[in-house]
Participant: 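I'd like to ask you about the structure that follows.
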Amino acid sequence: MEGSSSSHVLTALLSLFIFTSHMNAISAAGVAGNPSSTEFIRTSCSATTYPTLCITSLSSHASAIQTSPKLLAHTALSVTLDTTQSTSAMMVKLSQSHGLSPREVAAMQDCVEEVGDSVDQLRKSLGEMNQIKGSNFALMMSDIQTWVSAALTDADTCSEGFSGDNMNGNMKNIVRGRIVNIAHLTSNALALINSYASTLHG
């Protein structure tokens with residue numbers, strides 16, 4: 001009975017995270033800023049690897065971003081950090097679920113550590129972005145680019161850990177989907193950060 005109960009709890013948890021992600025995507029896609037800022041986001045996102053995700057994740061922030069490359073990069077980083085933190089919390093909860101095999105536990109624990117590292121790197125990057133000054137611009141941007149690249153590597157490493165047979169199908173698909181999502185968000189944020197860096201020092 002305990003195994004069955006744990007399974008129901010796990011299924012409910014996964015369903016909640018899917019629903020939340022779905023609603024976030026809908027709300028992001030459904031809120032538009034003024035036409036010029038929305039077009040700025042659309043144009044800027046076209047240079048990223050995952051432009052559709054880029055647009056849907058940033059369009060609800062159009063009024064705050066306006067047409068500023070700095071605010072665009074900052075917002076992309078902030079959205080990525082928020083999503084990575086929620087995914088990290090989800091991973092911690094799921095790693096403590098009953099009924100996981102030893103291989104599943106190991107894969108989850110590795111991933112929890114890697115996603116936690118991603119959160120740290122992104123948090124440092126956002127803190128640095130808030131402190132950017134003209135005199136140290138190049139050095140600070142270099143730090144940010146290094147940290148965001150490291151966060152992307154951590155997410156990719158975690159995702160690869162779910163590509164084999166270490167996890168059962170349902171949890172594997174849900175978790176890997178979330179990890180791939182934060183990897184794609186991080187990739188897009190890095191592209192927009194690189195674009196911002198080159199805009200001022202091209």
Participant: I want to check something: taking the side chain as every heavy atom from C-beta on, are Thr49 and His184 in contact at a cut-off of under 4.5 Å?
Facilitator: no
Participant: Check whether any side-chain N or O of Ser195 sits under 3.5 Å from a backbone N or O of Ala191 as a donor-acceptor pair, and report yes or no.
Facilitator: no
Participant: Pick from Leu152, Thr80, Thr48: which one makes a side chain to side chain contact (heavy atoms under 4.5 Å, CB included) with Ser187?
Facilitator: Leu152
Participant: Has the side chain of Thr186 got a donor or acceptor atom that lies under 3.5 Å from a matching backbone atom of Ile182?
Facilitator: yes
Participant: Would you give the length of the straight line joining atom CD1 of Ile174 to atom CE of Met90, rounded to the nearest 0.5 angstrom?
Facilitator: 8.0 Å
Participant: Please name the pair of heavy atoms, one in Ile179 and one in Ser159, separated by the smallest distance, quoted to 0.1 Å.
Facilitator: CG2-N, 3.7 Å
Participant: Donor-acceptor check, side chain of Ser142 to backbone of Ala138, threshold 3.5 angstrom: yes or no?
Facilitator: no
Participant: Any side-chain heavy atom of Asp143 within less than 4.5 Å of one from Lys124?
Facilitator: no
Participant: Name the one of Asn194, Leu190, Leu192 that satisfies side chain to side chain contact (heavy atoms under 4.5 Å, CB included) with Val148?
Facilitator: Leu190
Participant: Side-chain heavy atoms nearer than 4.5 Å, only ILVMFWY residues, links allowed to pass through others: does that put Leu71 and Phe40 together?
Facilitator: no
Participant: Are any side-chain N or O atoms of Ser44 and backbone N or O atoms of Ile41, one a donor and one an acceptor, separated by less than 3.5 Å?
Facilitator: no
Participant: Please report the interatomic distance OG1(Thr83) to CG(Asn181), rounded to the nearest 0.5 Å.
Facilitator: 6.5 Å
Participant: Would you check, one step at a time, whether the test side chain to side chain contact (heavy atoms under 4.5 Å, CB included) holds for Trp147 with Leu122?
Facilitator: CA-CA 7 Å; Trp147 290 329; Leu122 293 168; over 6 Å; no
Participant: Take Cys45 and Asn188, measure what side chain to side chain contact (heavy atoms under 4.5 Å, CB included) needs, and give me the verdict at the end.
Facilitator: CA-CA 8 Å; Cys45 283; Asn188 286 346; over 6 Å; no
Participant: Just by modelled atom types, is the Gln66 backbone N or O under 3.5 Å from a matching donor or acceptor in the Ser37 side chain?
Facilitator: no
Participant: Just wondering, are more than 12 heavy atoms of other shown residues or ligands nearer than 6.0 Å to CD in Glu128?
Facilitator: yes
Participant: Cut-off 3.5 Å, side chains only: do Thr43 and Glu39 have a donor facing an acceptor?
Facilitator: yes
Participant: For Tyr50, which fellow cluster members are found when Ile, Leu, Val, Met, Phe, Trp and Tyr are connected by side-chain heavy-atom distances below 4.5 angstrom, either directly or through intermediates?
Facilitator: Leu53, Leu185
Participant: Might you point out which heavy atoms bring Ala62 and Thr38 nearest each other, and give the distance in Å?
Facilitator: CB-OG1, 4.1 Å
Participant: Please name the pair of heavy atoms, one in Met108 and one in Ser95, separated by the smallest distance, quoted to 0.1 Å.
Facilitator: CE-N, 3.5 Å
Participant: Quick check for you: to the nearest 0.5 Å, what is the distance between Ser149 atom OG and Asp154 atom CG?
Facilitator: 11.0 Å
Participant: Rounded to the nearest 0.5 Å, how far apart are CE of Met91 and OG1 of Thr84?
Facilitator: 12.0 Å
Participant: Nearest 0.5 Å, please: how far is NE2 in His74 from CD1 in Ile144?
Facilitator: 9.0 Å
Participant: Between atom CD of Gln109 and atom CD of Glu114, what is the distance when rounded to the nearest 0.5 Å?
Facilitator: 12.0 Å
Participant: Backbone N or O of Cys54 within a donor-acceptor pair of the Ser57 side chain at under 3.5 Å?
Facilitator: yes
Participant: Could you please spell out the steps behind the side chain to side chain contact (heavy atoms under 4.5 Å, CB included) verdict for Arg123 and Gln85?
Facilitator: CA-CA 10 Å; Arg123 192 178 285 130; Gln85 284 176 319; 2.8 Å; yes
Participant: Could you tell me which non-hydrogen atom of Ser118 sits nearest to which non-hydrogen atom of Ala151, and how far apart they are?
Facilitator: OG-O, 2.9 Å
Participant: Can you check whether Ser86 reaches Arg178 side chain to side chain, under 4.5 Å on heavy atoms?
Facilitator: yes
Participant: Search all heavy atoms of Gly127 against all heavy atoms of Gln131 and return the closest pair with its distance.
Facilitator: O-CG, 3.2 Å
